[in-house]
Amino acid sequence: MPIAIANNKNMRDRITGSKALMRALQAEGVKTIFGYPGGAIMPVYDALFDYTRGEKKCFDHILVRHEQGATHAAEGYARVSGEVGVALVTSGPGATNTLTGVADAMMDSTPIVVIAGQVAIGTLGTDAFQEVDLVGVAQPICKWAYQIRHAEDVAWAVSRAFYIARSGRPGPVVLDFPRNAQVEEVDWEPKKVDFIRSYVAYPKLKEESVREAAELINNAKRPLALVGQGVELGNAQEELKTFLEKADIPAGRTMLGLSALASDHPLNVGMLGMHGNYAVNLKEQECDVLIAIGMRFSDRVTGNTKTYAKQAKVIHLDIDKSEIDKNIKTDVAVVADCKESLPAITALLKKADHHEWRESFRELDQKECDKVIEPAIHPKQGPLLMGEVVNAVAEQAPRGTVLVTDVGQNQLFATRYFRYPEKRSICTSGGLGTMGYGMPAAIGATFATDRTVCCFMGDGGFQMCIEELGTIMEQKSPVKMILLNNHYLGNVRQWQDMFWLKRKSFTKMMNPNYELIARGYGISYEAVSERKDLVAAIRRMLTTDGPYILECIILEEDNVLPMTPPGMNVNDMMLEI
């Protein structure tokens with residue numbers, strides 16, 4: 001009798017690999033999936049049908065208009081929610097279309113899982129219709145790529161994928177799912193992967209490194225912290241604040257780390273990098289102890305590495321050992337999760353007062369304000385400027401608004417002049433610099449939060465992802481899109497003017513009628529070109545329910561400043577051209 005009961009139970013739990021995928025995703029707490037169906041993933045989509053409606057509903061599936069959009073939407077969702085984003089696509093071109101998003105997520109440590117259909121394993125290697133070696137192509141640009149060859153491997157592979165994506169230094173994982181494994185039957189048994197012998201997600205904190213770091217900081221006269229996205233990824237915002245306040249350390253933030261420390265915190269001294277703030281960049285060359293926290297010393301931060309911060313002792317806190325000494329030589333390396341390492345160091349710190357050092361930033365800040373910031377956000381005459389539009393939106397946007405940007409001048413102006421009073425308030429493509437990222441990432445952000453989402457895009461990036469207006473239309477995603485239209489690929493044009501004898505080679509753009517496009521998608525639209533109309537137009541955008549496109553006609557040759565020319569020293573930063 002017990003055997004018969006067991007057999008009946010097994011029969012009830014015998015399901016296809018596609019349904020096993022649904023159960024595995026449900027076990028990982030997935031709520032939102034961004035995807036696009038096709039032939040090789042059709043069994044999964046058939047299983048998904050029952051999980052998106054009725055009593056069995058546990059997922060929202062968002063039909064994007066391009067598979068690259070699915071990965072960027074998953075990235076936006078992950079960056080704002082702190083959860084793993086999920087993209088579901090078909091084989092061949094569906095899978096290869098996701099690779100830009102996968103590479104973007106790898107560069108920016110964004111946890112996403114891409115699940116792609118594949119031809120049946122019996123036809124692999126025959127150049128079957130829409131066959132591509134996805135694992136081979138994806139492996140160099142993700143944390144893990146794996147082919148689920150049989151239904152019995154689904155539960156294990158999915159659990160392992162989510163564990164790898166979200167743990168340690170987060171990143172993308174790609175699962176290749178052949179059609180035979182989707183339709184095979186398996187006795188369902190949930191799996192939980194929380195340990196992999198060859199993968200050390202959280203290195204053990206070394207007490208000696210903690211003591212050495214604390215000693216350097218305690219003896220510092222001019223300490224400077226460089227705060228990266230690792231603080232956000234580790235949910236260590238409060239630990240960071242306690243650390244900085246006890247040791248009285250001024251802190252600059254990388255572009256991806258902008259919301260790790262509130263904009264209005266008294267120890268926040270601005271944004272690092274090529275187009276960051278003047279004082280903090282120059283002070284990197286004056287500090288005596290440089291504390292890098294969850295950042296990777298990108299070339300856009302360091303400029304010429306041969307001359308970067310040579311006078312300083314360098315302390316590097318990072319969860320990823322491979323980042324230590326990769327770009328900048330470290331004196332003390334603290335390899336651990338910063339949520340663990342920051343409190344450990346803080347406990348050994350003496351209460352400090354670096355008032356004189358902090359005050360030395362003020363003169364440089366004022367110089368930047370007079371020469372760059374005031375003219376950019378409060379111009380007296382002429383066409384609208386990008387900086388003033390961003391500043392005007394920031395002044396009216398509700399507290400905690402999420403900033404999403406595309407890539408180019410719109411990104412650089414937006415990140416400089418927006419405000420970040422709350423954590424996880426910025427989504428932008430940092431390491432890869434992916435044009436077309438903005439709109440789909442903003443869609444993903446709206447599914448991750450109820451906060452207002454403002455997306456700044458240039459006319460070039462807007463047109464690279466323009467098909468996702470269809471997703472916005474269908475989902476009624478309340479994205480406030482600010483289109484900064486200067487009829488140029490602005491960042492390339494600026495470099496051509498500065499470094500290529502003003503030879504504007506193919507950067508001038510003929511643009512469509514955006515009002516007609518907005519009307520076609522049923523999205524509210526307004527254009528503004530006069531300064532007197534800007535504030536009221538922004539107010540209408542922010543108070544209108546649902547999506548909105550605000551097209552701002554910008555000075556064609558508006559330039560982003562300050563700027564450290566490529567390959568130059570950070571203290572060669574230019575305030576004017």
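In this chain, numbering begins with 1 at the start of the sequence shown.
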Any side chain to side chain donor-acceptor pair (under 3.5 Å) involving residues 94-106? Give me the pairs, sequence neighbours left out, ordered by first then second residue. E67-N97, D104-S429, D104-T434
V86 and T32: side chain to side chain contact (heavy atoms under 4.5 Å, CB included), yes or no, with the steps? CA-CA 7 Å; V86 179; T32 306; over 6 Å; no
Nearest heavy-atom neighbours spanning P37 and T90: C-CB, 4.4 Å
With sequence neighbours left out, write down each residue that passes side chain to side chain contact (heavy atoms under 4.5 Å, CB included) with A442, or none if nothing qualifies. V404, V453, C455, V479
For a quick test of your reading: what N or O donor-acceptor pairs under 3.5 Å do the side chains of residues 171-178 make, sequence neighbours left out?
| unit_1 | atom_1 | unit_2 | atom_2 | d |
| --- | --- | --- | --- | --- |
| D176 | OD1 | Q118 | NE2 | 3.4 |
| D176 | OD2 | Q118 | NE2 | 3.1 |
| D176 | OD2 | Q147 | NE2 | 2.7 |

Flag, side chain of T428 to backbone of G430, donor-acceptor distance under 3.5 Å: no
Could you check N486 against M386 for side chain to side chain contact (heavy atoms under 4.5 Å, CB included), going step by step and ending with a plain yes or no? CA-CA 9 Å; N486 60 4; M386 291 192 190; 3.3 Å; yes
Which residues pass the side chain to side chain donor-acceptor pair (under 3.5 Å) test with S477, sequence neighbours left out? none
Under the side chain to side chain donor-acceptor pair (under 3.5 Å) rule, what pairs show up with a residue in residues 56-66, not counting sequence neighbours? Y45-H61, K57-D60, R65-E474
Residue K326 excluded, over 12 heavy atoms near NZ under 6.0 Å: yes
For the OH atom on Y36, are there more than 12 heavy atoms of other groups (residues, nucleotides or ligands in this structure) within a distance under 6.0 Å? no
Looking at K504, I'd like to know if its NZ atom is crowded, meaning that more than 12 non-hydrogen atoms belonging to other residues, nucleotides or ligands lie closer than 6.0 Å. yes
Do side-chain atoms of N327 reach the backbone of F297 as a donor and acceptor pair under 3.5 angstrom? yes
To the nearest 0.5 Å, what is the distance between CG (L489) and CG (N491)? 9.5 Å
Crowded around K19 NZ? As in, over 12 foreign heavy atoms under 6.0 Å? no
Rounded at 0.5 Å granularity, tell me how far CG in L261 sits from CG in L240. 5.5 Å
More than 12 heavy atoms from other groups under 6.0 Å of OH on Y202: yes
Given side chain to side chain contact (heavy atoms under 4.5 Å, CB included), test V30 with Q26 step by step and report yes or no. CA-CA 6 Å; V30 173; Q26 191 176 9; over 6 Å; no
Distance check, rounded to the nearest 0.5 Å: I443 atom CD1 versus E468 atom CD? 5.0 Å
Heavy-atom side-chain contact between V334 and L205 under 4.5 Å: yes
Only one of D318, D320, D337 passes side chain to side chain donor-acceptor pair (under 3.5 Å) with R169; say which it is. D320
Results of salt bridge (charged side-chain N to carboxylate O under 4.0 Å, His left out) for R166 - residues two or more places apart only: E28
Between the side chains of S167 and Y199, does any donor sit under 3.5 Å from an acceptor? yes
Tell me whether K321 at atom NZ has more than 12 heavy atoms from other residues, nucleotides or ligands lying less than 6.0 Å away. no
Apply side chain to side chain contact (heavy atoms under 4.5 Å, CB included) to K191 and list each qualifying residue two or more places apart in sequence or on a separate chain. A155, W156, E189
Ion pair K31/E83, N-O distance below 4.0 Å: no
Regarding E185 and T16, do their side chains bring together a donor and an acceptor under 3.5 Å, going by distance alone? no
Checking T126 now: which residues fulfil side chain to side chain contact (heavy atoms under 4.5 Å, CB included) with it, not counting sequence neighbours? T123, A128, E131
On a heavy-atom basis, the closest approach of K329 and V314 is O-CB, 3.7 Å
Just by modelled atom types, is the Q182 backbone N or O under 3.5 Å from a matching donor or acceptor in the S18 side chain? yes
Ignoring hydrogens and angles, tell me if any N or O in the side chain of E232 forms a donor-acceptor pair with the backbone of R424 under 3.5 Å. yes
All salt bridge (charged side-chain N to carboxylate O under 4.0 Å, His left out) counterparts of R493, not counting sequence neighbours: D497
Mark yes or no for whether H316, through its side chain, and M295, through its backbone, hold a donor-acceptor pair below 3.5 Å. yes
NZ (K423) with more than 12 external heavy atoms under 6.0 Å: no
Which of these, L258, L272, I426, T415, sits in a side-chain contact (heavy atoms from CB on, under 4.5 Å) with R253? L258
More than 12 heavy atoms from other groups under 6.0 Å of CZ on F499: yes
Treating D325 as the side-chain partner and T330 as the backbone partner, does any N or O pair qualify as donor plus acceptor under 3.5 Å? yes
So ring pair (Phe, Tyr, Trp, His ring centres under 6.0 Å) across residues 451-486, not counting sequence neighbours, yields F462-Y514
Does the pair Q463 and N511 meet the rule for a side-chain hydrogen bond (donor to acceptor under 3.5 Å, both in side chains), with working shown? CA-CA 9 Å; Q463 292 182 76; N511 288 324; 2.8 Å; yes
In terms of heavy-atom contacts, T405 and Q411 come closest through OG1-CG, 3.3 Å
Test of understanding: with side chain to side chain contact (heavy atoms under 4.5 Å, CB included), list the residues that count as partners of R300, not counting sequence neighbours. M274, S298, W495
Show me the donor-acceptor pairs, under 3.5 Å and distance only, between side chains in residues 157-165 and residues at least two apart or in other chains.
| unit_1 | atom_1 | unit_2 | atom_2 | d |
| --- | --- | --- | --- | --- |
| S159 | OG | V193 | N | 2.7 |
| Y163 | OH | D194 | O | 3.3 |

Out of curiosity, M457 CE to M435 CE, how far, rounded to the nearest 0.5 Å? 11.5 Å
If we ignore hydrogens and angles and just use 3.5 Å, is the side chain of N281 paired with the main-chain N or O of G273 as donor and acceptor? yes
So does D406 get a backbone contact from the side chain of N410, meaning a donor-acceptor N/O pair under 3.5 Å? yes
Are the aromatic rings of H275 and F413 close, with centres under 6.0 Å apart? no
Is a side-chain donor or acceptor of K480 paired with a backbone partner of G546 at a separation under 3.5 angstrom? yes
Would the distance check show the side chain of D187 and the main-chain N or O of R14 forming a donor-acceptor pair, the cut-off being under 3.5 Å? no
So L99 and Q68, side chain to side chain contact (heavy atoms under 4.5 Å, CB included) or not? Walk me through it. CA-CA 7 Å; L99 293 176; Q68 182 178 340; over 6 Å; no
Does any donor atom in the side chain of S425 or E422 lie under 3.5 Å from an acceptor atom in the other side chain? no
